[in-house]
Number of protein chains: 2
Amino acid sequence: MVLIALKNRLKILRAERDWSQAELAGRLDVSRQAVNAIETGKHDPSLPLAFRIARLFDMRIEDIFDDGEHA
Amino acid sequence: MVLIALKNRLKILRAERDWSQAELAGRLDVSRQAVNAIETGKHDPSLPLAFRIARLFDMRIEDIFDDGEHA
DNA sequence: ACATTAAGTCAGGTTATCTTGACATAGTCA
DNA sequence: TGACTATGTCAAGATAACCTGACTTAATGT
């Protein structure tokens, strides 16, 4: 049972601010590897981390991560 | 390190529809115990499950779960 | 050439989020 | 009374989401 992670715009949002993965990790209070794993689709963030990410970029969770948003 | 789960309105949304935990679990494709654990604050849903919950109730994740929403 | 930074990865470990199965309690109802 | 439903809980186990530390590769700059 191999499920893939939700698509996300983290890498783009980070690039827009010219932050390294390490800097973003620091702002989110997680490890650099955690940020990398999320960006590269290895896994999804926990819900609390998703909230911190949304707060940091002042966006809604649904606008950063997406499920497929079928209509 | 004991962290508490996010507050959530699952129980209320479910009551408004007069669904049992078992029925909600079926609609979300998780176990009844998983629904119970989320409602009783034992843990947070994964992000993919949070998306399914939000879709089911046609609401935003932020309007069902909350972090404290300081201002 | 050498040092530094960024990104990606791996190993090994911990904790959180699930699973199934079982059980107790309370409420409803024939 | 006895059957049924809903809720809450526990145990034991699987997998996902984190951690630290180490290492490689590519790009940049001195």
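To find a chain, count down the sequence lines: A is the first, B the second, and so on, and within it residues start at 1.
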Item checked: B:S46 side chain near C:dC18 phosphate (N/O to OP1/OP2, under 4.0 Å) -> yes
Checklist line | Protein-nucleotide distance (B:Q21, atom CD; C:dC18, atom P), rounded to Å | finding: 15 Å
Next item on the list: Find which nucleotide of DNA chain C each of A:T40 and A:P48 is nearest to by heavy atoms, and output the residue with the more 5' nucleotide.
Entry: A:T40
Notebook entry, point to check: Considering only D:dC18, C:dC18, D:dA6, which nucleotide approaches the side chain of B:S20 most closely?
Noted result: D:dA6
Note to self: Need to verify one output field. Residue with the more 5' nearest nucleotide on DNA chain D, B:E39 or B:L47?
What the structure shows: B:E39
Next item on the list: Using a cut-off of strictly less than 4.0 Å, decide whether B:R14 has a side-chain nitrogen or oxygen near OP1 or OP2 of D:dA6.
Entry: no
Next item on the list: Please tell me if the side chains of B:L13 and B:L56 come closer than 4.5 Å, counting only heavy atoms from C-beta onward.
Entry: no
Notebook entry, point to check: Under 4.5 Å between any side-chain heavy atoms of A:L10 and A:L24, yes or no?
Noted result: yes
Check: Rounded to the nearest 0.5 Å, how far apart are CD of A:E16 and NZ of A:K11?
Finding: 13.5 Å
Item checked: Interatomic distance where CD1 belongs to A:I12 and C1' belongs to C:dA7 [whole Å] -> 17 Å
Under 3.5 Å donor-acceptor pairs involving side-chain atoms of residues 31-38 of chain A, not counting sequence neighbours:
unit_1	atom_1	unit_2	atom_2	d
A:S31	OG	A:A34	N	3.1
A:N36	ND2	A:Q21	OE1	3.1

Notebook entry, point to check: For DNA chain D, which residues in residues 23-36 of chain B have a heavy atom at a distance below 4.0 Å?
Noted result: B:R32, B:Q33, B:N36
Checklist line | Where at least one partner belongs to residues 33-52 of chain A, residue pairs that pass salt bridge (Lys or Arg N to Asp or Glu O under 4.0 Å), sequence neighbours excluded | finding: A:R14-A:E39
Checklist line | B:E62 side chain near A:E62 side chain, heavy-atom distance below 4.5 Å | finding: yes
Next item on the list: Without swapping roles, check the side chain of B:R9 against the backbone of B:D63 for a donor-acceptor pair under 3.5 Å.
Entry: yes
Note to self: What I'd like to find out is whether the side chain of B:D66 reaches to under 4.5 Å of the side chain of B:L6, using heavy atoms alone.
What the structure shows: no
Next item on the list: Can you figure out which of D:dG8, D:dT7, D:dC18 approaches the side chain of A:P45 most closely?
Entry: D:dC18
Item checked: Rounded distance [0.5 Å steps], CZ in A:F65 versus CZ in A:R60 -> 14.0 Å
Next item on the list: Give the minimum heavy-atom separation between B:A5 and B:G41, together with the two atoms involved.
Entry: CB-O, 3.6 Å
Margin query: In this structure, how many angstroms lie between the C1' atom of D:dA17 and the NE2 atom of A:H43, rounded?
Written below: 5 Å
Checklist line | N/O (side chain, A:K42) to phosphate O (OP1/OP2, C:dC10) under 4.0 Å | finding: no
Next item on the list: Report the distance from atom CG of B:L49 to atom C1' of D:dA17, rounded to the nearest whole Å.
Entry: 15 Å
Next item on the list: Sorted by first residue and then second, give each ring pair (Phe, Tyr, Trp, His ring centres under 6.0 Å) pair with at least one member in residues 3-24 of chain B; sequence neighbours left out.
Entry: B:W19-B:F57
For nucleotides 25-30 of chain D, print each protein N/O atom paired with a nucleotide N/O atom at under 3.5 Å, atom names and distance only.
none

Notebook entry, point to check: To the nearest Å, how far apart are B:D44 CG and D:dA17 P?
Noted result: 13 Å
Checklist line | Minimum side-chain heavy-atom gap B:S46-A:L47 below 4.5 Å | finding: no
Notebook entry, point to check: Taking five pairs at each end of the helix from C:dA1-D:dT30 to C:dA30-D:dT1, what angle separates the two helix axes (nearest 10°)?
Noted result: 20°
